[in-house]
Amino acid sequence: MAALAPARSLTLSPRWVRWRWPLIAAGLLALALLLRALPWDTTTWPEAWDLHLRRPIDAFRYWVIGHRNTHWLWLWFFDPLSAAIDWSIRRIEQALLATPWPLLVGGVALLGHRLGRWRLAWLSGGCLLLMGMMGLWAQSLQTLALMVVSVGIALQFGIPLGIWAARSPRVDAFLRPILDAMQTMPAFVYLIPVLLFFGIARVPSVIATVIYALPPAIRLTTLGIRQVSPATVEAARAFGSTPRQLLFKVQLPLAMPTIMAGVNQTIMMALGIVVIAALIGAGGLGREVLVGLQRLRVGQAFEAGLAIVFMAVLLDRLSLALSHLSIAKRRHAPADLGRWAGLQARCPLPLRRHGYLLAFLLLLAGVYAVHATLTDLRVFPAWLRLPLAAPIDAAVRWARDHLYEIGNSGLGAGPFSDFLTLHVLTPLRTLFTATLPWPAMILAVAALAAHAGGWRLGLAAALGMLAMGWLSMWNHSMDTLSQTIVAVALAIFIALPLGVLAAKSDRFELLLRPLLDFLQTIPPFVYLVPVIMLFNVGRVPGIIASVLYALPPAIRLTNLGIRRVDREILEAARAFGSTPAQILFKVELPLAMPSIMMGINQTVMMVLAMVIIAGLVGGGGLGLEAVIGLAKNETGRGVEAGLAIVIMAMIFDRITQGWAGRWRIARGS
Amino acid sequence: MPTAAPAKITCQQLYKIFGKHPQRIQAALQAGATKQEVLQQTGHVVAVKDVSFTVRQGETFVVMGLSGSGKSTLVRCLTRLIEPTSGRVLLDGEDILTMDEARLRQLRRHKMSMVFQHFGLFPHRRVIDNVAYGLETQGMDKRQRLARAQEALELVGLKGWHDHFPGELSGGMQQRVGLARALAVDPEILIFDEPFSALDPLIRREMQDELIKLQEIMHKTLIFITHDFLEAIKLADYLAIMKDGEIVQMGPPQQVVLHPVNEYVCEFTEDVPRSHVVTAAAIMRPPLPEDGAAYLPAVPPDVTLQALVPIAAERDARIAVRGQEGDLLGIVDRRGLMLALAGLELT
Ligand SMILES: Nc1ncnc2c1ncn2[C@@H]1O[C@H](COP(=O)(O)OP(=O)(O)O)[C@@H](O)[C@H]1O
Ligand SMILES: [Mg+2]
């Protein structure tokens with residue numbers, strides 16, 4: 001009986017069910033034509049429907065500004081909190097700036113050695129040194145202080161929350177949607193309200209960074225604890241562990257690598273918005289990039305961008321090593337500093353055990369001896385300066401002269417940019433904003449959502465689209481949507497073949513991996529610098545930067561999906577005489593589809609996360625609105641744009657996740 | 001010997017049903033519903049159904065059944081690692097199911113230890129810290145517990161491996177660590193959930209022999225789960241066979257082999273070489289005056305056919321079976337021996 005049921009539903013389902021989606025598409029097209037045939041204008045959103053949300057928001061803003069100095073909420077909560085945060089940033093910054101630079105470089109190198117031997121020692125010492133050599137020593141330390149405070153706060157809340165969520169399903173159920181929303185929300189969106197509540201100097205940027213970096217800390221802590229094998233937990237329970245003993249003796253130690261990976265992600269996320277945070281006064285390296293970009297001093301922006309990359313590499317590799325260390329700590333080998341000095345075997349035990357302490361004390365003594373007698377070591381010396389800005393500016397000039405248009409061939413960045421703008425972006429935008437009636441647009445997105453996740457999602461998507469209109473952001477949203485579609489299409493178009501290639505050739509994968517690692521380490525803003533050099537401002541550089549930003553996960557997930565296909569299935573396919581192409585298209589790609597769809601989901605989300613950044617460099621659309629809202633203190637406008645971005649992100653996140661889910665179910669995995 | 005010992009652990013009408021409304025399902029079961037019906041109609045899994053048994057002090061109680069028959073669930077109910085739906089579990093007369101958390105923890109820490117199929121070792125702790133874990137939860141100080149753990153390690157033949165991590169050991173050695181961990185707390189009852197199933201056959205046999213040897217010194221109460229019938233009869237003083245959450249047959253191993261109650265049990269017993277199971281006691285007849293028992297070779301009652309046949313082959317096939325004090329229990333003759341070898345019932 002039970003076995004027969006699916007067969008029956010297959011044979012008896014009416015034909016129209018199979019043609020349902022093409023029929024719906026055709027219906028939508030017909031509707032669009034019909035609406036256009038109507039005598040009145042159906043392509044522009046009826047302005048009378050605007051909710052004018054910005055009015056109460058702006059009113060609220062004025063209220064806040066008026067009462068900030070007198071209201072108890074500020075006097076007793078926001079202000080003391082701000083003061084505490086500001087105080088700690090200042091203290092850390094002062095401490096860092098008061099430390100002689102060789103001591104910092106040497107100390108970081110020692111830490112690197114402790115975590116990852118000589119390789120990491122050179123890498124981390126070198127990165128820090130290079131930041132100084134860019135002439136950005138003080139700015140780097142400012143950014144570092146900001147990072148320390150933000151990451152510290154994020155971890156302080158994230159790890160306990162993560163533990164709590166792992167142990168209580170109710171807390172987990174409560175946190176999950178909040179974290180989902182936080183992660184779909186592009187970073188900027190909460191800059192605006194944060195700015196309103198935390199007025200003081202760099203505090204808003206710390207708060208924004210904490211909010212942005214909190215989800216991975218919570219998520220990975222929960223994940224790490226959940227991942228501890230049930231058999232291990234059962235064994236611990238069987239021996240009479242209390243919940244506390246279970247947590248501290250078994251779950252937390254075993255979750256440590258994952259928690260450390262969370263720390264790593266938290267740090268990287270925090271660094272990712274350093275530049276963005278500069279928009280609201282974070283100072284440091286972010287400000288340098290921003291000023292460089294705004295004044296089109298590419299050399300300066302590039303130097304600051306490089307310094308951010310060095311900082312990212314430094315913190316990334318150190319924290320990664322920390323997560324590996326917690327796996328490998330089972331063998332606490334004595335410091336091999338001794339081997340370097342050729343005295344490993346002979347080196348006395350205290351020296352071996354306290355090698356790092358000793359080395360550090362030596363360093364300290366040496367540095368302060370020089371500092372006290374010869375020269376002030378708190379200032380990074382000018383003679384170590386790498387004069388990069390001038391050659392880069394020259395290179396930019398050269399690139400603009402030569403690559404923007406290569407000879408008279410009609411090739412080059414400029415023509416490409418023009419082509420993309422004139423023949424792809426603009427027509428698509430016109431289609432969405434001027435050709436298609438807005439009800440048809442809404443229904444089309446709703447139909448996509450219904451296809452991906454059922455009629456409920458369809459309804460939610462329709463409401464979301466309507467909301468964009470109500471927020472008076474319809475045209476801007478459609479503009480952003482057109483750019484997003486182009487960027488996603490480009491990213492997939494590049495990522496899919498690369499991912500397949502990487503899956504097929506180990507050598508190619510090996511080649512690609514460091515490149516992807518590098519791309520993922522760089523904060524997204526930094527791509528903008530070279531991209532702007534080549535493409536000028538406009539919609540294209542934003543798209544290129546988004547594509548670069550979104551490529552790594554899409555490539556990775558494609559590669560992973562194909563590599564994970566069961567070897568036995570491939571052998572079976574080969575045994576039936578399939579050609580490699582047949583294997584790829586009939587077996588591997590379909591089986592890898594859930595993973596690929598996840599890649600597409602990530603691509604969409606990352607492109608949407610870049611919308612505001614794109615807005616900064618002339619991308620227009622919602623991004624520009626948000627930037628204007630921030631820059632010109634038009635809070636209401638900024639909030640409207642931010643909400644529209646969040647809504648769009650949520651809709652397309654659910655749609656692509658829905659498709660990924662469908663594939664997964666279809667594959668029975 | 002085992003029959004005389006007092007009951008250590010008694011299990012009465014134990015039920016475990018996985019799902020949303022276990023109580024309702026239990027009522028249905030008692031009204032005659034089967035496991036399959038329940039699963040198909042309500043999605044509830046009946047893992048343990050109306051199980052009762054008694055394990056005596058110092059006895060090795062083996063639970064045998066195909067995978068999915070509810071063995072693991074059953075033994076986890078004994079220490080409430082899984083909360084039973086209903087029933088009673090008495091340890092030395094005290095009901096475990098009514099204990100509070102703290103009391104239960106004391107029980108797990110001191111009285112009942114468990115050895116797991118996939119070892120359940122803590123990968124982040126050295127071997128010695130794994131073995132000492134139970135003592136650590138008890139709150140024993142470090143020096144003392146490491147010393148005790150060291151002793152346990154030596155007992156299972158892993159001297160010198162204390163500083164390694166579980167991941168560096170072979171499967172057999174890992175299970176020795178698991179065994180040492182259970183022994184270290186010196187529990188009254190040891191529960192084994194298919195401890196040797198994940199090991200390859202040679203190692204498995206070696207571990208079985210060692211367990212038998214250890215038990216000869218320890219005289220602990222063992223509850224041993226297996227799906228391997230040969231292992232079951234090798235270790236068991238008393239054997240319970242489970243199917244679909246129920247115990248379908250229970251008794252001393254040779255009784256199960258000789259008198260399987262149904263097809264299911266038959267299938268297990270078929271492959272068992274009878275000469276390994278059938279003992280002199282099972283095939284002897286009452287002695288007759290003309291036997292001249294005093295001149296016959298004598299064996300104890302638990303000698304198996306395997307050992308009887310060579311003796312019978314040397315003599316004229318009559319052998320006296322004598323108890324511990326030399327008292328004559330019965331005679332094994334040619335007829336009994338041949339019928340037993342042929343697998344026929346002795347009538
Ligand atoms: N947590 C659980 N939830 C639902 N069903 C379970 C759970 N644990 C075990 N079962 C089911 O209970 C039955 C008995 O399982 P188990 O006791 O593990 O059997 P065995 O140890 O004999 O292989 C199986 O049908 C299994 O699927
Ligand atoms: Mg089992």
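Letters A, B, ... are given to chains in the order of the sequence lines, protein chains preceding strands, and every chain is numbered from 1.
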Engineer: I'd like to know which of A/Pro230, A/Ala235, A/Ala231 tops the heavy-atom pair count under 4.5 Å against chain B.
Structural biologist: A/Ala235
Engineer: Could you go through the side chain to side chain contact (heavy atoms under 4.5 Å, CB included) check for B/His124 and A/Met256 one step at a time?
Structural biologist: CA-CA 10 Å; B/His124 60 299; A/Met256 228 24 175; over 6 Å; no
Engineer: Roughly how far, to the nearest 0.5 Å, is CG of B/Asp129 from NZ of A/Lys249?
Structural biologist: 9.5 Å
Engineer: How close do B/Pro123 and A/Thr232 get, counting heavy atoms only, and between which atoms?
Structural biologist: CD-CG2, 4.3 Å
Engineer: Is B/Arg181 in contact with chain A via its backbone, its side chain, both, or neither, using a 4.5 Å heavy-atom distance?
Structural biologist: both
Engineer: When you look at B/Glu136 and A/Gln245, which way does the side chain to side chain contact (heavy atoms under 4.5 Å, CB included) test go after all the steps?
Structural biologist: CA-CA 10 Å; B/Glu136 197 176 324; A/Gln245 286 173 326; over 6 Å; no
Engineer: Taking all non-hydrogen atoms of both residues, which atom of B/Gly134 and which atom of A/Phe239 are closest, and how far apart?
Structural biologist: CA-CD2, 4.0 Å
Engineer: Minimum heavy-atom separation for A/Arg237 and B/Leu81, please, with both atom names.
Structural biologist: NH2-O, 2.7 Å
Engineer: Check the pair B/Phe122 / A/Leu254 against side chain to side chain contact (heavy atoms under 4.5 Å, CB included), numbers first and verdict last.
Structural biologist: CA-CA 9 Å; B/Phe122 306 117; A/Leu254 283 172; 5.5 Å; no
Engineer: Identify the residues of residues 101-121 of chain B whose heavy atoms come closer than 4.5 Å to a heavy atom of chain A, ordered by number, or report 'none'.
Structural biologist: B/Arg105, B/Arg108, B/Arg109, B/Met112, B/Ser113, B/Met114, B/Phe116, B/Gly120, B/Leu121
Engineer: Within the supplied structure, the quantity of interest is the number of heavy atoms (other residues, nucleotides, ligands) at a distance under 6.0 Å from A/Glu568 CD; does it exceed 12?
Structural biologist: no
Engineer: Name the region of A/Ser229, side chain, backbone, both or neither, that has any atom closer than 4.5 Å to a heavy atom of chain B.
Structural biologist: neither
